There are 2 protein chains.
Amino acid sequence: MPKPTFLNLPPDKRRRFVDAALNEFALHDYRAASVGRIVDAVGIAKGSVYQYFDGKLDLYRYLVDLAAETKFRHIDARLASDAPDFFSQYRQATFHGARFDFSEPSYASLLYHATYEPSAPETAEVSARLRAASHAYLLGLVDAGVARGDLRADIDRDMTVYALYQLTVALRDFLGARFGFSFEDAVHAGAGSPIGDQDLSAVLDELVGVLRHGLALG
Amino acid sequence: MPKPTFLNLPPDKRRRFVDAALNEFALHDYRAASVGRIVDAVGIAKGSVYQYFDGKLDLYRYLVDLAAETKFRHIDARLASDAPDFFSQYRQATFHGARFDFSEPSYASLLYHATYEPSAPETAEVSARLRAASHAYLLGLVDAGVARGDLRADIDRDMTVYALYQLTVALRDFLGARFGFSFEDAVHAGAGSPIGDQDLSAVLDELVGVLRHGLALG
DNA sequence: CAGTCACATGACCGCTCGGTCATAATCGCC
DNA sequence: GGCGATTATGACCGAGCGGTCATGTGACTG
């Protein structure tokens, strides 16, 4: 967790630091991210980082938590309050999740890296926490869906959650491939929504259609 | 590609080198893998590696190609020759793929790392080639399935391939989580099939069932 | 004005890395 | 045995890393 010094920082300086750090961890995975580049970008001395955080890992943890919290909040705030069925709930959440990723490519890329980083022993715990949070969220959705009768009662809940999770995370790559869009470029360029809502909706309709009825004919 | 010197090596020495390198790249992703550790493990001088390959990346490319080729061959050799429907074809390929992963955890982990490593600019091309090969394979399956009438004709082929790909790759994590199995441990311990064929079959039945009929009730 | 305290600084440390190269050992052939 | 070609070696290089710490700075306090 951040040291008190960090929290006492003038808001503007703190914001600039977080932005630069976010950028660095969005552009590079944990190991490749460089504390030196962060301080160069923000124009402070290297030692300052260690006045703010206990080290690189501590900073990373803080950023991942911040990004996850921000994204979840963004989605939750936009979820329709009326209780539709499972599939439209999932569709809505995924839609707003993707919208968030477009508008905040740095957060999105950071979370993407964190998701696929069980390799490094240090970051394994961060990855696991992130995955656990997503799984818990999806499991709640699935259980409600089963209870409501939207989903078959005989499905393997864990496998269903895993499949949903993977497909949702992979959406980023799929959208990138389909629409020739690179999140990495977006991190440099800042926000901007390069994929229209209609295109995104079409993709999600397709995905939800497969989830709902499967691939088989008839 | 390997230099002539590498190909002239006594088979036993070459095998020991490949094994050690495989191990290193299975235990660590590209950046974290260390040439020094490889030479220590195999008991040769560091300079020798650069007599065999043009560098770390060249060695990595060679190993990934080798692993991918070996795995594809393993699967193809075990595919039933009679032409069943799409789902049993996919099931068979995935089953034998998983079996391969269990019996050759080093290959499997190397391919896993290679799959999720578009971050490093150098390895992006290797990842892309690997993904392209899997996609081509799956696309062939899907197209045949559509032609045969196993699959709905109105599905988005690319998305279907992407979904199949992600779910298949993620199987590794899912099996690991469900059966408390770690591929990393298996790399150390060598082969051994820690998950029985029945357990694997049950998981695949579930997965194929969802792919076939979806999650919706009725 | 002196003293205190929070914060900023950047030279420096130790380490690991991929890669090099002059030299030495080994092999194959006549 | 001798000789050229091939292969093996490991000390060494330059670079980058995370992290440290003695010193400096500036603002608030009594």
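Any value given below was found using the heavy atoms of this structure, including those in side chains, with hydrogens, waters and symmetry copies removed. Bear in mind that the values here come from a model prediction, so they are computed numbers and not experimental data.
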(request) Tell me, please, whether B:Y30 has B:K56 positioned over its six-membered ring: NZ or CZ under 6.0 Å from the ring centre and within 45 degrees of its axis? (result) yes

(message) So if I define the base as every atom that isn't primed, P, OP1 or OP2, how would nucleotides 5-24 of chain C read as a B/S/- string at a heavy-atom cutoff under 4.0 Å?
(response) --SBBB------SBBBB---

(message) Using whole Å, what does the distance between atom P of nucleotide D:dA8 and atom NZ of B:K3 come to?
(response) 12 Å

(request) Using the six-membered ring of A:Y165, assess whether NZ or CZ of A:R131 lies under 6.0 Å from its centre and within 45 degrees of the ring axis. (result) no

(request) Please determine if B:R178 and B:D173 form a salt bridge, counting it only when a charged side-chain N lies under 4.0 Å from a carboxylate O. (result) no

(message) Tell me whether the NZ or CZ atom of A:K71 lies within the 45° cone about the ring axis of A:Y107 and under 6.0 Å from its centre.
(response) no

(message) Nearest whole Å is fine: how far is D:dG19 C1' from A:D58 CG?
(response) 14 Å

(message) Taking A:D12 first and then A:R16, would you say they form a salt bridge - that is, a charged N and a carboxylate O separated by under 4.0 Å?
(response) yes

